[in-house]
Structure formats: structure tokens, C-alpha cells
Amino acid sequence: MLNKLALRNAWRLWKDYLNYFLTLCMITAITFSFHSLLFSKDIYEMIHYGNNGELSTAGTMLIAFMSVSTVTILIIVAWLINYMTRFILEKRSREFAIYLLSGMRKEQIASLYMKENLYLGVCALFAGLIFGSGLQQVLFFIFYKSIGKNYKVNVEISTGSIILTVILYGVCFFAALFRNRKKFFHMEIINLINMDKQNETVNEKRNALWKRLFFLSIGNILLLYFLIFTGGITKWTAIFEMIGLIFTFYFFYLGLSAFLMNYIKGKGKLIYKREYLFMIRQFSSKMRNTCFVLGTLSLLFMFALVGSSLAFMLSDYQNKQLDVEYPFDIIIISDNTSNDFSKEESLINDNINPRNILKYCVYQNGTSDMGDYLYQNLRIFSDRDSDPVVAEGKRAVAYYDYDVYMGISDYNRLREMLDLTPVTLQDDQYLIHIANRVYQEIKDKSAELPNSLNIGLDFAGFKTEGFAQNGHNGTDYLLVVPDKKLAGMKKYFSLMAVMANGDVPEYLSECLYDLTGKIRGYDELADYIKIGSEELFLMPATIQVKSREVLELKFLMSTLSFPLFYIGLVFLCVSLTVLSVQQLSDSNKYKFRYQILNKLGMGKKRIKQVVAKQLFFYYLCPVILSVIISAIFILYVGRQFVIYTGIRTEWILYFCISLTSFLGIYILYFSITYFQFNKNIKP
């Protein structure tokens with residue numbers, strides 16, 4: 001009998017909490033499809049290299065970020081399930097009280113309650129796994145596209161992915177159920193009868209305090225805008241602002257509720273028009289009783305918007321910058337200035353069809369004027385006064401001991417290999433080839449640069465095209481001089497640059513490393529290779545095969561952007577589910593109230609309009625606050641992105657794309673809630 005009752009109640013739960021069921025299905029599907037990335041055989045081969053199957057940097061990052069995102073999702077899903085099971089318990093408390101009065105034992109009712117939720121959860125789990133197997137193909141297609149590879153549909157259902165998803169799902173569900181079961185056992189009949197009334201009372205005694213906290217929360221938001229626009233963000237101000245924002249989200253709704261209650265008590269003009277008294281009273285009491293929920297949802301919305309916008313920025317970096325960072329198909333550097341690269345050239349000729357090969361040297365004259373100038377003017381070394389040891393350590397890693405020079409003939413040959421227009425230098429001129437990111441930072445004061453360099457030549461300007469300046473053709477900069485000027489200089493390094501006809505196989509990178517007796521991924525910290533001042537996605541190496549490096553960097557950026565989308569989407573679904581359930585759960589109360597409005601003369605069409613307004617404002621409230629705060633965060637991140645990458649990313653465009661995408665899901669949940677609400681309040 002109890003099993004039949006549990007099945008009947010589970011069916012009723014499915015209908016009453018459809019959005020909750022759909023969200024569980026969606027989260028299961030998304031979690032399963034993302035976990036499939038970790039258990040895919042093809043991706044496993046991508047993130048390991050060498051005969052001993054060493055895990056690559058991108059592979060390490062994939063596992064790390066997927067682990068962090070999984071833990072994050074575990075926490076938020078656990079919160080959702082715990083919130084919903086407690087919420088359902090509160091709404092059915094009178095029913096359970098009647099069961100107790102009818103002679104049922106608490107153990108039987110608790111068992112019934114757990115079975116109902118388990119039936120609902122298991123159905124959502126299986127539906128999510130089925131949907132996730134299809135979503136997996138879409139996810140893999142997008143992932144492969146993002147790293148520049150073609151994906152062939154491969155129905156690969158990983159047992160490991162299923163087990164991991166079921167374990168995470170089960171941990172959240174059983175932890176919530178047992179927690180609420182324990183709570184249920186400590187309650188008496190009178191507690192159950194009054195349980196669903198605990199959020200109906202509105203305490204107005206502290207309205208004055210809440211109004212002050214409301215102004216404080218608004219002031220904190222304005223302070224955040226001021227600090228970001230004036231550049232006043234430091235480590236400590238950022239910490240205090242983050243702590244303040246957490247309180248801001250919660251105090252805002254308490255204060256807003258207090259203002260609305262005072263407006264009603266003060267007999268504001270709006271309450272005498274149309275149905276506004278009814279709506280304001282409903283809205284203010286609901287906001288007061290659910291301020292913690294609304295604050296949490298606003299935080300989730302903010303994280304979703306910021307994470308998604310940042311993912312778009314990373315994708316923009318990937319599309320614009322990788323060809324700049326790796327302009328040559330192959331480039332190799334050696335500290336042996338007599339190295340003729342004959343073995344490497346033979347191996348390359350055996351594996352590809354080279355279009356151009358150039359062997360050349362860069363030089364040094366014992367000075368470091370250009371490096372000293374950048375050390376004094378670049379932001380990365382700004383802590384040289386407060387912590388000179390740290391700043392000197394950064395400089396030692398970023399730049400060679402001496403400035404790097406190249407003759408104009410070799411420079412023009414390299415430019416021709418890259419299909420760039422050759423340049424002309426007079427015998428008494430020099431030019432600086434500098435990374436565009438660095439040039440954007442120093443261009444306003446670059447007029448003083450020629451006076452800082454003791455070269456004895458006239459300055460002929462800057463060139464900023466991509467030129468392999470992360471350790472090969474200099475780091476950040478390269479001084480180009482007439483060939484005859486090299487006579488008095490010393491050879492610094494020897495290099496070989498290659499451009500190929502057609503594609504370069506990725507395995508060639510490992511072959512070249514094997515030839516030189518090195519292991520890919522372990523020579524980045526060689527004493528003679530420097531990395532420049534770039535701080536984002538840098539993978540310096542003595543041997544760079546573009547196809548392999550670009551694949552790994554795209555893989556690395558995808559492992560950053562995909563979890564951000566993953567977390568953002570789950571946060572959004574969880575937030576909208578809670579908003580929806582909050583409204584639908586009270587539909588029985590609203591049914592009585594709307595029936596009274598109907599008897600007072602309000603037509604059915606007008607009632608539907610009032611319902612739409614009521615739901616719209618309740619849905620809109622946490623969205624507006626999160627948009628206001630996340631917008632300034634994205635502005636700040638966009639500015640930092642320019643500093644770190646040199647790319648002027650359209651932060652407002654990506655923020656609008658993220659917002660528009662999320663609003664699509666918002667409209668879907670809103671529509672389902674609206675139709676269910678109207679159905680529930682029908683006589």
C-alpha cells in the first residue's frame with residue numbers, strides 16, 4: 001500500500017514541480033556529457049605525449065578545471081536538492097500531520113517521503129542520462145571545433161562517466177533526504193501543522209534598520225563602480241569589496257521590502273490605482289521572507305554572467321592571437337652558435353614538404369639598454385620599488401641578460417617567409433620589432449625610448465607583427481640593425497625557422513624532441529630560454545611546432561572556457577528553478593486571492609495580466625541586481641584582458657551575448673511557470 005501511495009505522490013510531485021524535475025534532468029545531462037570529456041579515449045591520447053604517456057600541461061589543466069567545476073556543481077546541486085526536499089516537506093507538512101493523526105508511524109511517513117523523492121530522482125537521473133548521451137555528441141562537436149579538429153560522430157558511452165555522474169547525483173540526493181528525514185523525526189504534529197505558515201508573517205519592527213542597510217548596499221555598489229573607473233582596485237580593496245558584495249545581495253532585498261511596506265503604510269498614490277496595492281503587498285511580503293534565497297540567486301546569476309562573458313573573451317583570444325604568437329610552422333633555438341641543425345633539417349624533410357628554411361643567428365653587444373627601459377616602464381615590473389627582489393626575479397625570467405640584435409637581411413628573409421612586406425634601413429638607422437601587447441603599453445611615452453638606447457644609430461620606428469618573440473627572436477623586442485653593424489657583436493643564439501607546404505603533423509614535435517634527447521614539456525625552464533613579459537597562456541620551449549603548440553593552447557583555453565559555460569548554465573538553471581518553485585508552491589494561496597478579485601469584478605483576462613506582472617517582477621528582481629554588478633566586473637576583466645594580452649576585446653558585446661543567451665533560458669522557465677500558475681489558480 002505504501003509503495004502505491006509513494007508512486008501516486010511521486011506522480012503528483014512530478015506535475016506540481018515540473019521545473020524542478022526538468023532541471024534535475026538537465027543538470028544530469030550536462031554533468032554526464034562534460035564528464036565524458038575526461039573518459040574519452042581520443043581526448044586521452046591528445047593530453048598525453050611521448051612513449052611513456054606523460055600527461056601534458058593542457059591535460060593537467062583539463063583534469064584540474066573539470067575537478068574544480070565538478071566540486072562547484074556538486075555544492076550547488078546539493079544546495080538545490082536540499083532546498084527543494086525541505087521546501088516540499090514544508091508544503092506537505094499538513095498532509096504528514098494528517099497521516100500521523102490517522103495512526104501512521106513516523107518511520108512509515110519518513111519512508112514514504114524518501115521513496116517519493118527517490119522515485120522522482122531516479123526518473124530524472126535516467127531521463128538525464130538518455131538526454132545526456134545526445135548532448136554529449138553536441139558537446140564533443142563544439143569541443144573539437146574549438147581546438148581546430150574535425151569530429152566524427154562516435155557513440156561512446158563511457159561507464160566511468162555514468163558511474164561518476166550517478167555517484168555525485170546520489171551523494172547530493174541521499175544527503176538531502178537523510179538530513180530532512182532527521183529533521184522530520186524531531187517534529188511534533190503541531191510543528192507540522194504550522195510549518196507551512198512560518199513564512200507568512202511579516203516582521204516590520206526592524207524596517208528602519210533594513211532601510212539603512214539598503215542604502216549601505218547601494219553605496220557599496222557605487223563604491224565598486226568608483227574604484228573600477230578610477231583604477232583604485234588593490235588587493236585589499238578587492239577583498240573588502242567582495243565581502244561587502246556578499247552582504248549587499250542580501251541587505252538589498254530586505255531594504256527594498258521595507259521601503260515597499262512603508263510605501264503601503266504611507267498610502268502612496270500608486271496603491272489606489274488598478275491592482276498595484278495587491279501586487280506591492282504580495283511582492284514585499286514574498287521578498288522579505290525569501291531575501292536569503294533572492295540574494296543567493298542573484299549571486300548565482302552574477303557568477304553565471306561573469307563566467308560566460310569571460311569564456312567568450314578566451315575564445316576571442318584564441319581566434320585572434322595564436323597565429324600571432326606562433327607565426328612560423330617550426331622554429332628551433334640553440335645556445336650552441338655553431339649548430340647547423342642538419343639532423344633536425346633531415347628529420348623535417350622526411351616528414352613534411354618545407355617551403356622555406358632559414359638558419360640564422362641573433363647577436364648581442366654586451367648591453368641591455370632596451371631590457372632596462374622595459375623594466376622601468378612595464379606594468380609587470382611595477383613592484384620593483386616595493387619588492388625589488390621579486391621584480392628582479394621577474395626580469396631575469398622575462399629577458400635575456402643582453403639585448404638581442406638581428407641583421408636586416410635575415411630579418412627581411414623571415415618577413416618574406418611570413419608574407420610580410422620587407423623593410424628598408426639606411427646604414428645609420430635601426431628599428432625595433434616589438435610585441436604589439438608591449439607597444440600598446442609604452443606607445444604614449446615611446447618618444448623617449450631612442451634617447452635611452454646607446455646604439456649610435458637613428459631610430460626608424462617600430463614593427464609589431466607576430467614574430468616569435470617569446471624566447472626565439474628575442475623576448476618582447478628585437479633590435480634590427482644594418483648587417484655591417486653586426487661585425488662588432490657576438491653571436492648569442494642560433495635558430496632555424498621553417499614554413500611548410502601543407503599541414504605539419506603534430507607528432508613531429510615529439511620526434512624533434514627525441515632527436516635532441518629532450519622531453520617535450522620539460523625544457524621550458526632551460527637556463528638559456530626566456531619567456532618575455534606575457535603572463536597569459538604562455539608555453540615557451542626550445543622547439544616549437546606550431547600545429548602542436550596551437551593544439552595544446554586551444555585545448556588549454558577550451559578547458560578554461562568550457563567549465564565556465566558549464567558552471568554558468570547550471571547556476572542559471574538552479575536559480576530559475578528556485579524562482580519558479582517559489583511561485584508555483586503558493587499557487588493554492590493565490591488561487592483563493594484571485595478568486596476574490598474575480599468576484600470583485602476582475603475578468604479572467606485581467607487576472608492573467610496580473611499573474612504575468614507578478615511573475616515578471618519576481619523573476620526580474622534578482623536579474624537586475626546581478627546584471628548591474630556583473631557588468632562592472634566584466635568591464636574590469638575586459639580592461640585586464642587588454643593589459644595581459646594586448647587584445648582590445650569587445651567586453652560589452654560578449655556581456656550582451658551572455659545576457660541574451662541566459663534570457664532565452666529565462667523566458668523558457670518563465671513561460672512554463674506562467675502556464676502552470678494559471679492552470680493551478682483555475683476554479
Side-chain angles (χ1 to χ4, degrees), residues 323-328 331 333 337 356-378 381 395 398-497 499 530 532-534 646:
D323 286 337
V324 174
E325 297 289 345
Y326 301 100
F328 299 98
I331 189 166
I333 187 173
T337 55
N356 295 107
I357 295 180
L358 179 65
K359 302 173 185 177
Y360 60 100
C361 287
V362 295
Y363 294 77
Q364 55 93 357
N365 64 353
T367 64
S368 59
D369 296 332
M370 183 67 185
D372 294 339
Y373 175 83
L374 294 180
Y375 175 66
Q376 292 296 323
N377 290 278
L378 290 187
F381 307 115
R395 188 193 193 285
Y399 298 137
Y400 290 111
D401 294 336
Y402 306 111
D403 291 335
V404 176
Y405 289 82
M406 181 181 290
I408 186 64
S409 58
D410 287 339
Y411 178 71
N412 276 330
R413 290 191 192 99
L414 291 172
R415 290 183 66 88
E416 289 174 4
M417 290 173 67
L418 300 175
D419 297 324
L420 300 174
T421 304
V423 298
T424 302
L425 279 183
Q426 302 296 327
D427 290 343
D428 59 346
Q429 290 182 322
Y430 77 99
L431 67 83
I432 301 175
H433 197 115
I434 192 168
N436 183 59
R437 167 182 49 80
V438 178
Y439 175 70
Q440 294 298 326
E441 190 171 345
I442 67 166
K443 64 180 181 181
D444 294 336
K445 46 188 174 182
S446 60
E448 65 191 44
L449 177 58
N451 298 327
S452 302
L453 305 182
N454 298 315
I455 297 179
L457 301 173
D458 295 330
F459 180 53
F462 292 100
K463 292 292 180 182
T464 59
E465 301 93 343
F467 210 66
Q469 292 188 286
N470 284 328
H472 293 83
N473 294 325
T475 54
D476 290 349
Y477 67 93
L478 173 69
L479 302 173
V480 182
V481 297
D483 289 344
K484 64 180 183 179
K485 187 72 175 178
L486 300 176
M489 298 185 185
K490 182 179 179 181
K491 290 183 178 180
Y492 210 169
F493 303 111
S494 59
L495 300 102
M496 180 174 71
M499 296 298 290
K530 304 300 180 180
S533 62
E534 176 141 5

| message | Which residues pass the side chain to side chain contact (heavy atoms under 4.5 Å, CB included) test with K491, not counting sequence neighbours? | response |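 If we apply the side chain to side chain contact (heavy atoms under 4.5 Å, CB included) test to K491, skipping adjacent residues, the hits are T337, C361, Y363.
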
| field | All side chain to side chain contact (heavy atoms under 4.5 Å, CB included) counterparts of N412, not counting sequence neighbours | value |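 So N412 forms a side chain to side chain contact (heavy atoms under 4.5 Å, CB included) with I408, R415, P422, V423.
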
| query | Below 4.5 Å, heavy atoms only, C-beta onward: do M370 and L449 meet side chain to side chain? | reply | yes

Looking at every non-hydrogen atom in both residues, tell me the closest pair between [X] and [Y] and how far apart they are.
X    : Y    : value
A460 : L425 : CB-CD2, 3.8 Å
I331 : A468 : CD1-CB, 3.9 Å
P482 : L457 : CD-CD1, 4.0 Å
N470 : T475 : C-CG2, 4.4 Å

| remark: residues 356-369 vs salt bridge (Lys or Arg N to Asp or Glu O under 4.0 Å), sequence neighbours excluded, gives E345-K359

Any residue meeting ring-ring contact (aromatic ring centres under 6.0 Å, His included) with [X], in chain and number order, not counting sequence neighbours:
X    : answer
F328 : none
Y430 : F459
Y439 : F462
Y492 : Y400

Residues in salt bridge (Lys or Arg N to Asp or Glu O under 4.0 Å) with [X], at least two apart?
X    : answer
D403 : none
E416 : none
D427 : K484

Roughly how far, to the nearest 0.5 Å, is the [atom2] atom of [Y] from the [atom1] atom of [X]?
X    : Y    : atom1 : atom2 : answer
Y477 : H433 : OH    : NE2   : 14.0 Å
L414 : M406 : CG    : CE    : 5.0 Å
N356 : L418 : CG    : CG    : 9.5 Å
T421 : D419 : OG1   : CG    : 9.5 Å
Q429 : T424 : CD    : OG1   : 9.5 Å
I455 : I432 : CD1   : CD1   : 6.5 Å

| request: Evaluate the criterion side chain to side chain contact (heavy atoms under 4.5 Å, CB included) for residue pair M499 and L358; output intermediate values, then yes/no. | output: CA-CA 9 Å; M499 296 298 290; L358 179 65; over 6 Å; no

| task | Applying side chain to side chain contact (heavy atoms under 4.5 Å, CB included), run through Y402 and M489 and close with a yes or a no. | result | CA-CA 11 Å; Y402 306 111; M489 298 185 185; over 6 Å; no

| field | Under the side-chain hydrogen bond (donor to acceptor under 3.5 Å, both in side chains) test, residues paired with N473 that sit two or more places apart | value |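 By the side-chain hydrogen bond (donor to acceptor under 3.5 Å, both in side chains) rule, N473 matches Y360.
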
| Residues in side-chain hydrogen bond (donor to acceptor under 3.5 Å, both in side chains) with S368, at least two apart? |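 side-chain hydrogen bond (donor to acceptor under 3.5 Å, both in side chains) list for S368, sorted by chain: D372.
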
